[in-house]
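Take a look at the structure below.
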Amino acid sequence: ATQAAARIAALNGTVPADDAGARAQSAELSLQLSPAARTLIEGRLNTLGLQTGPVDGQFDAETRAALRAFQAQRSLPVTGFLDEQTMVGLMAGGILDLQ
């Protein structure tokens with residue numbers, strides 16, 4: 001099922017059509033993000049100046065591009081999908097901004 005979902009995403013242009021893309025998508029799915037968490041992530045990306053489009057909890061092509069830009073800026077593996085490293089970078093930066 002994960003491979004099929006990755007292939008569909010690849011055909012829609014939201015993930016590379018390879019095993020790395022499938023692994024990245026699988027890593028994101030394993031985080032089991034709630035709609036509120038997804039909205040928070042989009043909001044954080046927007047705060048950083050990385051436009052995600054509507055902050056609605058839907059990770060569309062604009063959100064994926066913002067994630068790739070964030071990952072590139074932080075020298076993380078650039079996949080456009082969330083993994084633990086990317087999540088920590090996004091959220092830790094947000095916490096540090098509160099001080």
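None of these values were measured; they are calculated from a predicted model. Residue numbers run from 1 in the order of the sequence given. Only this structure's heavy atoms are used, side chains among them; waters, hydrogens and symmetry mates stay out.
- Each of L33 and V55 belongs to its own hydrophobic cluster when Ile, Leu, Val, Met, Phe, Trp and Tyr are linked at side-chain heavy-atom distances under 4.5 angstrom.
- At least one side-chain heavy atom of M91 sits under 4.5 Å from a side-chain heavy atom of L40.
- Of the candidates T39, N46, T63, N46 is the only one forming a side chain to side chain donor-acceptor pair (under 3.5 Å) with T52.
- Atoms CG and OG, from L82 and S30 in turn, are 10.5 Å apart once rounded to the nearest 0.5 Å.
- Between L50 and A69, the shortest heavy-atom distance links the atoms CD2-CB, 3.8 Å.
- Here the CE-CD1 distance, from M87 to I41, works out to 4.0 Å after rounding to the nearest 0.5 Å.
- Of the inter-residue distances, the one linking Q51 atom CD with E62 atom CD reads 8.5 Å to the nearest 0.5 angstrom.
- A cation-pi contact, defined as under 6.0 Å to the ring centre and within 45° of the axis, is absent between R64 and F59.
- Side-chain contact check for L90 versus L67: some heavy-atom pair is nearer than 4.5 Å.
- Residue L45 is grouped with residue L31 when hydrophobic side chains (ILVMFWY) are merged at heavy-atom distances under 4.5 angstrom, including chains of intermediate members.
- Summarising the geometry of A27 relative to D83, their closest heavy-atom pair is CB-CB, 4.5 Å, with the distance given to 0.1 Å.
- Considering only heavy atoms from C-beta on, Q85 comes within 4.5 Å of P77 through its side chain.
- A donor-acceptor pair is defined here as one N or O able to donate and one able to accept, closer than 3.5 Å; no such pair exists between the side chain of R68 and the backbone of G80.
- The closest side-chain heavy-atom distance from F81 to L29 is not below 4.5 Å.
- At distances below 3.5 Å, at least one donor-acceptor pair connects side-chain atoms of E42 with backbone N or O atoms of D56.
- Looking only at atom types and distance, the side chain of Q71 has a donor-acceptor partner in the side chain of T86 under 3.5 Å away.
- With values rounded to the nearest 0.5 angstrom, R23 atom CZ is found 11.0 Å from T79 atom OG1.
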